[in-house]
2 protein chains.
Amino acid sequence: MTNIRDIAKMAGVSVTTVSRVINNHPYVSEEKVSAVKAAIKKFNYHRNINAVHLSKGKTHLIGVVVPFSNHPYFGLLIEGIANAALDHNYKLVLIQTNYEETKEMEALRMLEDKQIDALIICSRICPWDVIESYSVYGPIILCEDSRNNKISSTFIDHYKTFTMALDYLYQKGHQQIGYTIGRQTGTNSSQRDAAYKDFLISNALCFEPNYIFTNRFDVEDGVNVAEHLLDMKNRPTALLVTSDQVAAGILTGCRENGLAVPDDLAIMSFDNQPISRVMHITTLEIPFFEVGKKLFQQALNGKEAAHEEVQVRLIERKTV
Amino acid sequence: MTNIRDIAKMAGVSVTTVSRVINNHPYVSEEKVSAVKAAIKKFNYHRNINAVHLSKGKTHLIGVVVPFSNHPYFGLLIEGIANAALDHNYKLVLIQTNYEETKEMEALRMLEDKQIDALIICSRICPWDVIESYSVYGPIILCEDSRNNKISSTFIDHYKTFTMALDYLYQKGHQQIGYTIGRQTGTNSSQRDAAYKDFLISNALCFEPNYIFTNRFDVEDGVNVAEHLLDMKNRPTALLVTSDQVAAGILTGCRENGLAVPDDLAIMSFDNQPISRVMHITTLEIPFFEVGKKLFQQALNGKEAAHEEVQVRLIERKTV
DNA sequence: GCTTGCTCTGAAACGCGTTTCATACCATAC
DNA sequence: GTATGGTATGAAACGCGTTTCAGAGCAAGC
C-alpha cells in the first residue's frame, strides 16, 4: 500500500504539501497541486482513514444506542438521526442493546476510547450517575427529559402530553381511562405514570390497577390487550396507547371480537406512524425527523448540557 | 491523556510488556502484570482505539448499507445482523442511502479506506462491476442472488419462490393473478418478473399490465392498491404482495370498501412480520435472523465469494 | 526605505499501540 | 555435557496523516 510519504516522493514535494493538497489547503502552488494529484491518481492512493482518526482524535462517527432496531419507533428515530448525519458527513454506529446494561456500557466505553465522537442514547438502562460519569469523554445526548441532570437531551414532556391527552378524553366524556405502556421503568414511563395518577386525583377518579397494561410494544401485544379487555367486567371506556403499533393491534383485536371503536372503547395513540393513518387512529404525532435532527445537532455541538423540548401534535381521526 | 508509554514508565516495564498485559499475552510474570494493572488503574488509562485500528489495520466495524432504516423489512434485517455482530464483538456502521448512488459509493469508499472491515449491502443501486471493483479492499456481501457474480451473497431465490407462490394460487383456482413490488430495478425484482412471465406462459394466461403494481413499499401504498382495484373492470382475483406492510394496507383498504378477502381477492404476502400474524395474512416467511446471521458470518469470513441460499416457508392463514 | 503581512514550502514532532527481533534464563532431553 | 525449547523482557521499527514551527520570497502601505 502506498502512503503519503510515497506520494510525496513521487511528486517531488514534502509530506506536508501532499497533506495540504488532500485537504484543500489554499497555500499550495498550482503546479505542485497537479503534481500531487497526478501521483495520487497514478498510484491509486487513498489515505488510511485510521491514521487520520488517530491524528485528529476524531472519527466522524456518532454512536446511536437503541434497544431494538426493528421497532418502528426506533426505526423512525434512527432514520431521523441518519438523515441529519448524512447532511453533515457523519456516519452512525448502531449499538443495539436489547436492553442489556453491558451493551450500553460498551457504547459508553466506545466514547471513552474515542471510537465515536458523541453518543446518542435513544433509550437508557444505565443509571444517571454512570452516564454522567462518561460525559467527560464526549457529548452524550438522551432522548428523555433530563432537565434535572447534566446530560443534554431532546425530549417530549410526557407529563404534559399525557395530561393533555387525558384531559381531552375526559372532556369527551370518558371517566374510565386506562393506558398501555412499554417498559415500566425509565423517565418517560414514570412521567406518564405521574401524569395519570395526578389526573385521577384532580378529577376524583378511582385508580384501577388493571386499567394499566405494561410491557406492550408491538401489534401482537395490542391484540392481547383487546383480548384481556373482553374478559373484564368493568372495562375502561378509553385507552391511551403509547405506540401506534399497539393501538393497531388493539383496534384489530376489538374488531375481531365485536368491540366497537370508539363507541365501546376509545383509543388514543402515540407516534403517528403510517399504520395509524391507514387505520384512522387518533394519535399524538411525534415529529421524528425534528427529534432526530435535534439529537444529531446536539451531538455535534456537544460541550454544555442543553435541553430541547419537542412538541407533539394531536391528530384527530376516528378512534376517539 | 496518559498513553501506553506513560504507563510503561510508571510500572517500570517496557511498552511491549504493557501491551502484553492489555492483550492477555501469556508470557508476562505475575508481578509485572499486577504492576501494570495497578498503573493502568491509577491513571485510569484507556488505550486509544484509533491507534489500535491504525496498527492492526482492522476496526471491528462492519458497514451495513440500507436504503431506509424505518422500513420493517430492513429493520428486521438490521436486527438480525446486529444480533450476530453482538456475539462476535463487532459493531455496525449504518449507512442509509435513500437509494442515492453517491451514498452507496461512500460506503464502498469506507471499505477502501479501511474504516470498516467488511460491507453488507442490503439493497444495491450501484452496478455489479463497480461493486466488484471494490471487493479487492475487503469482503462485500449482498442480499440478493449473486451466483453469477464474484461477490458473496445470502439470498432468497425469488424466481423459485415466486413460481411456487404463483403455482399455489393457481392450484387454488386463481387465473387472474397480479403482484405488487417495491422498486422495479434490482435482481430480486427482475427474478420475480421473470417468474411471473414464465408462469403466465406455461399456463397460457394473458399478461395484464395493470395487474402489476410497482413502487409499493408501505401500508399506505397498499391502501392505494386496494383503491385502484375498485376502479378496475377486470380485477385480479389474487395478488402476490412482496411485503406484509403493503398486504396489510391492501387488506385494510379492501375491508373499508367492501371487497371480501379472500373471496373477492386473495392476498399472499412476504416476510411474516408481526402485522401479518395479527391480520391473519397468508405469507411467505423470510427467516430474517438466519439471513442476518449468515450475512454477518460471510462478512467475517470474507476471502472467497460464497453463496448462501435461504429458504422461505409458506404460512397459510386466512387471506388465500 | 522599512515594516507588515500574505503566499508557499518543508523538517520535525505528534498522536499511539502492535509486532518483530534479539536476548537471556532456566529446565528438560538425550 | 550439550542441544532444545519454553518463559520472560525490551528496543526499535512499523502503521500513517496532521500540525506546528521556521523560514523564504514578494508585494502593498506609509
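Below, chain A is the first sequence line, B the second, and so on; all start at residue 1.
- Between the side chains of Thr97(B) and Glu104(B), no donor-acceptor pair is found at a separation under 3.5 Å.
- With 3.5 Å as the limit, one finds a donor-acceptor pair spanning the side chains of Ser14(B) and Thr17(B).
- The pair Glu106(A)-Arg109(A) does not count as a salt bridge, with every side-chain nitrogen at least 4.0 angstrom from each carboxylate oxygen.
- In this structure, Ser55(A) and Pro26(B) both approach DNA chain D, and ranking their closest nucleotides by distance from the 5' end singles out Pro26(B).
- Counting to the nearest Å, the P atom of dG15(C) and the CD1 atom of Ile49(A) are 20 Å from each other.
- Atom NZ of Lys56(B) and atom P of dC16(D) are 16 Å apart (whole Å).
- Note on Asn50(B): nothing from the nucleic acid sits closer than 4.0 angstrom, heavy atoms only.
- OP1 or OP2 of dG15(D) has not a single side-chain nitrogen or oxygen of Asn3(A) nearer than 4.0 Å.
- There is a side-chain donor-acceptor pair under 3.5 Å between Thr187(B) and Arg124(B).
- Along DNA chain C, the nucleotide closest to Ser19(B) and the one closest to Glu31(A) are compared, and the more 5′ of them pairs with Glu31(A).
- The environment of Lys37(A) atom NZ is sparse: at most 12 non-hydrogen atoms of other residues, nucleotides or ligands sit within 6.0 angstrom.
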Report all interatomic pairs (protein N or O, nucleotide N or O of nucleotides 10-13 of chain D) with separations under 3.5 Å.
| residue | atom | partner | partner atom | Å |
| --- | --- | --- | --- | --- |
| dG10(D) | OP1 | Lys32(B) | NZ | 3.4 |
| dG10(D) | OP2 | Ser14(B) | N | 3.2 |
| dG10(D) | OP2 | Ser14(B) | OG | 3.3 |
| dG10(D) | OP2 | Thr17(B) | OG1 | 2.6 |
| dG10(D) | N7 | Arg20(B) | NH1 | 3.4 |
| dG10(D) | O6 | Arg20(B) | NH2 | 2.9 |
| dA11(D) | N6 | Thr16(B) | OG1 | 2.7 |

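- In this structure, Tyr27(B) places its OH atom 16 Å from C1' of dT23(C), rounding to the nearest Å.
- Arg147(A) has a carboxylate O that lies under 4.0 Å from a charged side-chain N of Asp157(A), or vice versa, which qualifies the two as a salt bridge.
- Applying a 4.0 Å cut-off to non-hydrogen atoms, none of the residues of residues 36-48 of chain A approaches DNA chain C.
- Rounded to whole Å, atom P of dG15(C) lies 18 Å from atom CG of Asp113(A).
- Mapping Ser29(B) and Ala51(B) onto DNA chain D by nearest heavy atom places Ser29(B) closer to the 5' end of the strand.
- Atom P of nucleotide dT19(C) and atom CD1 of Ile22(B) are separated by 12 Å, given to the nearest angstrom.
- Applying side chain to side chain donor-acceptor pair (under 3.5 Å) to Thr154(A) and the options Lys294(A), Gln298(A), Glu290(A), Gln297(A) leaves one that passes, Gln298(A).
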With side-chain contact (heavy atoms from CB on, under 4.5 Å) as the criterion, how do Asp271(B) and Phe288(B) come out once you've worked through the C-alpha distance, each side chain's angles and the decisive distance to 0.1 Å? CA-CA 8 Å; Asp271(B) 291 2; Phe288(B) 285 100; 4.0 Å; yes
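- No close placement of the Tyr73(B) and Phe68(B) rings is indicated, their centers lying 6.0 Å or farther apart.
- Rounded to whole Å, the distance from CD on Glu30(A) to P on dT9(C) is 11 Å.
- Rounded to a whole Å, the NE2 atom of His25(B) is 13 Å from the C1' atom of dC21(C).
- If you take CD of Gln115(A) and P of dC16(C), they are 16 Å apart, rounded to a whole angstrom.
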